[in-house]
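Here is how names work: the chains are called A, B, and so on, in the same order as the sequence lines, proteins then strands, and each is numbered from 1.
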Amino acid sequence: MSATPAPTGAVQIRTAPVARPGDVPAAVARLTLAALDPPRTLRSTDLVDVVTVAHEVVVELREPLAGFARERGCHRVAATRHTTRAGDVVTVVLIRHR
Amino acid sequence: MTTIATDPTRTDLAVTDRALGDRAPTGVDPGTRAGAILANNPIATALTAAAPTPTALTPTAPTPTPLTPAAMTPTQLLARCHEGDQRAWDEVVSRYGRLVYSVARRHRLSSAECDDVAQATWVRLVQRTGAIRNPESLADWLATVARNESLRIITRERRAMPLADPLEGQSADIDTASDPAAIALRNEDLRLVAEALGHLPDQQRDLLQLVLQDPPPSYAEIGERLGMPASSVGPTRTRCLRKLRTILEGLMSEEAPSPDRSAGGSPRQAPRASVRAVPTDHPSTQPSAQPIAERTPVMTDAFAIVRDAVAETLDLPADIVTPTATLVDDLGAASLDIVEILFRIERTTDVLLPFEDLVAFVRGDLAPEEFTGPDGRVTLDGRRQLLRALPQWTDATLPNPLHAGDVVGLVAIGNIADRLDARLRARSAAHSATHSATHGCALHAEVAA
């Protein structure tokens, strides 16, 4: 995984297309983990609760992943889903507060 | 310093890519992917082998170099972002991240608040990638959203400042802390508030106590503690505060005739210390003395009602809620916010403006299948209807292609005000007709007598 210095220092936007609406929670959970980049022991989608209502996506982290995120200043994981010509796309926006 | 990953979640996406079948995977150059397919296809390999090998003299056609995200225009970048291209997102953040942050910093927000502004701005962009009217002005768009988010935070801070004690600012030379009358009055206020809180159901009381903590916990935390969705916390809080105020007014009116109350010389004010988030003098929360049906509704009335409802729901300064501002794109309303706005309008005017009515107004006489094509895009007839219903848009400015899901984002404050105005006029006309009919009957009876 290559990296570029971020001018804002903290923005993580992860996006991926999903094949079916039923895949949205799993995709959001994977993207959330990718954005948080926790150690291998915490890298489990079971620790990410995703609830979707229409196009609203709510992400909740479970302990100990939530503690890991708090330690790194991640107060909120925002996720959204939209429909394109090719299908649905989910995006996770995460900020690491300094 | 944190980093932005330029390579998407390749391992994560591998599963998705397989599920997608022939869809081009995110972050993979189409040319590369085509090459991979060619290499694995025996027929293609055989055809390639049979093809004459170009000699050195054969002029080779220049192969088009794929455009890298860094070389893309904002329009191209946004289109790629909309399709879920991770590299395009990285480029957008890299190109405009500093701008977003600097707008927030210019408002003298704290570092954490700047981060909040940045997150909200990016979330807004993620939600609106396919519906920005002028993608070339992406920088302006981001700056505007960041500025609005900053103002929202500033406004929230201003509102969250505890209102002065009712007696605190009266006079400097009065020592209110030791004034027995002031102490008694304050204690009376607290007693009334406590009594009013006692009239609320347990969950509503708990919610109010949580939102009034300093610093207040997040809605997610409140929702978790109370076992309710985070998205319901805001609307429930508003309803609780309104209910609390009604109870307080009831309690105060019961006790108002007491002669000691007027002994202080000034009229008794509602205790405000604990209901800081409710602007008691706000026009949209104060029932009008005159029923709105009896007034001559004019457009400015309707606009003011809509503007106040929007500003209150979205926690925005009223001056940025202009007739041309779009609810979703410019003001950042989510679908639940729109429902809340319509609900507020209904409470203020008694005019029902259901969300479905708004959709029907935009769609006109067209059936859903006439308005939206099988690919989810708005049809040509649908676009013509949109231009009729939303006159602020022209064929040139209307996004093309336009997806049905993005149509609500085109609705401006003025459009909703128009709808409300039409409803108010209709009700007023019906009221006048009823009045004339009754009056006519009475005259008729008089003549008959």
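- Partners of B/Arg124 by salt bridge (Lys or Arg N to Asp or Glu O under 4.0 Å), not counting sequence neighbours, listed by chain and number: B/Glu149.
- Summarising the local packing, CD of B/Glu224 is surrounded by 12 or fewer heavy atoms from other residues, nucleotides or ligands at distances under 6.0 Å.
- Once rounded to the nearest 0.5 Å, the distance linking OG1 of A/Thr15 with CH2 of B/Trp89 reads 7.5 Å.
- Remark: B/Asp90 CG to A/Gln12 CD distance equals 8.5 Å, nearest 0.5 Å.
- A/Ala69 pairs by the side chain to side chain contact (heavy atoms under 4.5 Å, CB included) definition with A/Leu36, A/Leu61, A/Cys74, not counting sequence neighbours.
- By number of non-hydrogen pairs under 4.5 angstrom with chain B, the leading residue of A/Val58, A/Val89, A/Val51 is A/Val89.
- Closest approach of B/Gly84 to A/Pro17, counting heavy atoms only: O-CD, 4.3 Å.
- Closest non-hydrogen pair, B/Gln119 versus A/Ala78, comes out as NE2-N, 3.9 Å.
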